[in-house]
Structure formats: structure tokens, C-alpha cells
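Please read the structure below before turning to the comments.
Counting starts at 1 for both ligands and their atoms, following the listed order.
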Amino acid sequence: MATRSFGKTGLKLPEIGMGSWQTLDLSDREQPLADEIVSAALDAGTTVFDSSPMYGRSEEVLGRALERRRDGVFLATKTWSRTQAAAEARFGEQLRYFGGHIELMQIHNLVDWEERLSWLECEREAGRVGLIGATHYSSSAFGELEQVMRSGRIQSIQIPYNPYEREVEQRILPLAEELGLGVVVMRPLGGGALVRLSPPGGELAELGVQTWAQALLKWALADPRVHVLIPATSRVDRARENAAAGSGPALSEDQRRMVERISGRSGG
Ligand SMILES: NC(=O)c1ccc[n+]([C@@H]2O[C@H](COP(=O)([O-])OP(=O)(O)OC[C@H]3O[C@@H](n4cnc5c(N)ncnc54)[C@H](OP(=O)(O)O)[C@@H]3O)[C@@H](O)[C@H]2O)c1
């Protein structure tokens, strides 16, 4: 799997990671499925995993799935609590799930970011957190996200990017590049909506991919300002399929336009 420098952090990360919203919110009985999905991703070279306290049981389930293979994993999760006390209490659990260290702690949807930043900086000093980041899914919050980026206190952002959600191209990606921030892409498959379409094999061959999901992932990777995509899946075969998009040739500009044209047929 190809890797990219994660902004100015000095880290190199694989181009394809894995998200966990909905897909890893599983019961104890379903843990073996999570173990299989995560193992398949790791075997295929994916080492970045993203979660959040907002995703039900997914942090705990992901933590268990990674238990025996935690070394070398870049674990990204989030703080999402309404009060500082609740954020700290949850952090205690997160450390337990993830072996005492979290490589990237992100402020989910910028919830109470000023207070959370000061606290997370102390946690980073103490060595329990590696990098600090901020996320938002909505372009209506990008003004505020810019403010946090310009504070100089975060090292990465997580934003939506796919042929239907391109608002980040206007100000967020140029600013991230200027500041040397790591860029994690959420919703690279449009939350699943974009991948329902299945173009003919001839078009996939022209794009140099085996599946439409891979074409969409390669579309986002064709922008050098993004560093790691985190598609989520509840299927072992798709974990492998998505990881494979991090290998092979990049899309040319013409191929990228073709993906946009085909996406237009899906009606969003
Ligand atoms: N505010 C935030 O911080 C925020 C917001 C949104 C998302 N996120 C993060 O970003 C991650 C990714 O975003 P997302 O989960 O919303 O959307 P996504 O990754 O764009 O799409 C996930 C959907 O695509 C389907 N899928 C995955 N691989 C596929 C394939 N190869 N072929 C066909 N279908 C496929 C999955 O269904 P199956 O399970 O059936 O494969 C799932 O329904 C989240 O899981 C989460 O970690 C963060």
C-alpha cells in the first residue's frame, strides 16, 4: 500500500485507513466479525483506524479487534462530550480500550474546542496523546474549522471529500496545505450513496480499477493535499477491496473527470 507524509508531522501513513461509524457498533456476540474485518484491513496494509464515542460501541469493539496487533497502528479517535468532566471520564475508557495511548485525538465536530484543546495539549505533554486534530462533516462549520486550523494548535483535520462534496477545495484544502496539516478524508464513498451505482466493466477498465468503490477512492487520492481516506465497511471482502485502492497507478486528470461524470449519473 502506498504511503503519504501526514502533513508536517513527520509521519508516513498508508493512503487507505478505515472508519467505523455504524459498521463496528457491534455486540459482544458480533465481535468475531469485527475481528475479521479489522484483520483483513491490517493484512492489506491499512494501519489507520478512526472511531469516536459517538459511534456506539465501536471504540470498544475496535480496541478489542486490535488487541493483539496494536503495534504499528495509528489509532485515531475523538472527544465528543458536552462537558469537560465527561470528556475526561470517557478518555479514561478510551485509554483502556486502546492500550494507554491514542495516536490522534480529534475534536469531533468542534464540540467545545477551546476548552478541549487546552486539556488535550496537557494530555499530549503527558504522552497519552500523539497528535491533536479537529473534524467537521458540514461545510456550514468550515469557517470555524479555519479558525481552529489557524490557531496553530492542531496537527490534522478530518473533512468530507468525494465527487459530490467538494466544498473543502475552496479554502480548507489550500489552508491545510499552507499550514502543513495532516488531512484525513471522511465519507470518501459519500456515506455509501455514491457506490450504489455500478458502471459497466468497460468504464472500470478505462479507469484502471476493478470496482466503482475503488474508482471513488482513487478520485479523492488524486488530490495530493489529502493524505489518508477512511472508508467504513461491515464486510471483510470490502475491507480488502478498499485497501487495494491504495495500490496501482493514480488517476489522471481525464480519468478523474470521468469519475465525476459517472457519479453525476447516480443523482447524488
Ligand atoms: N464528523 C465526523 O468526524 C465524521 C463524520 C462522518 C464520518 N466520519 C468518519 O469517516 C468514516 C467514513 O465515513 P462514512 O462511514 O460516513 O462513509 P463512507 O466510508 O463514505 O461510506 C460507508 C458506506 O459505504 C459502504 N461501502 C464501503 N465500502 C464499500 C465497497 N467497497 N463497495 C460498496 N459499498 C461500500 C458501506 O456499506 P457496507 O458496510 O455494506 O460495506 C457503508 O454503508 C466514518 O466511518 C467515520 O469513521 C467522521
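What sits closest to atom 42 (C) of ligand 1 on the protein, heavy atoms only, is A232 O, 3.7 Å. Nearest to atom 9 (C) of ligand 1 among the protein's heavy atoms is Q158 OE1, 3.3 Å. Given atom 44 (C) of ligand 1, the protein heavy atom at minimum distance is W21 CB, 3.7 Å. The nearest heavy-atom contact from the protein to atom 20 (O) of ligand 1 is L189 N, 2.7 Å. The shortest contact between atom 17 (O) of ligand 1 and any protein heavy atom is with G191 CA, 3.2 Å. Scanning the protein for heavy atoms near atom 24 (O) of ligand 1, the closest one is G192 CA, 3.4 Å. Among protein heavy atoms, the minimum distance from atom 34 (N) of ligand 1 is reached at V195 CG1, 3.1 Å. If you check which protein heavy atom lies closest to atom 47 (O) of ligand 1, you get D50 OD2, 2.7 Å.
With a heavy-atom cut-off of 4.0 Å, N109 touches ligand 1 through its side chain alone. Heavy atoms of A213 found under 4.0 angstrom from ligand 1 belong exclusively to the side chain. Looking at Q214 against ligand 1, nothing comes within 4.0 Å, counting heavy atoms. With a 4.0 Å cut-off on non-hydrogen atoms, T135 touches ligand 1 through its side chain and not its backbone. Residue contacts with ligand 1, taken as heavy atom pairs separated by less than 4.0 Å, do not involve T211 at all.
Once rounded to the nearest 0.5 Å, the distance linking CD of E103 with CZ of R70 reads 4.0 Å.
The heavy atom nearest to atom 38 (P) of ligand 1, out of those in R238, R240, E241, H136, is found in R238.
Using cut-offs of 30° and 60° for the angle between ring planes, the F91 and W119 rings count as perpendicular. Under the 30°/60° scheme for interplanar angles, the aromatic rings of H227 and F6 are found to stand perpendicular.
For ligand 1, the atoms lying closer than 4.0 Å to a non-hydrogen atom of H108 are 1 (N), 2 (C), 3 (O). Using a 4.0 Å cut-off to heavy atoms of Y55, the atoms of ligand 1 that qualify are 4 (C), 8 (N), 9 (C), 46 (C), 47 (O), 48 (C). Within the listing of ligand 1, atoms 38 (P), 39 (O), 40 (O), 41 (O) sit less than 4.0 angstrom from a heavy atom of S234.
Considering backbone and side-chain atoms alike, R235 places every N or O at 3.5 Å or more from each N or O of ligand 1. Polar contact with ligand 1: present for R187 (N/O pair, distance under 3.5 Å).
Under a 3.5 Å cut-off, the side chain of Q255 and the backbone N or O of S252 do form a donor-acceptor pair.
Residue contact annotation: M54 has no non-hydrogen atom under 4.0 Å from ligand 1.
A side-chain donor from one of W219 and E260 sits under 3.5 Å from a side-chain acceptor of the other.
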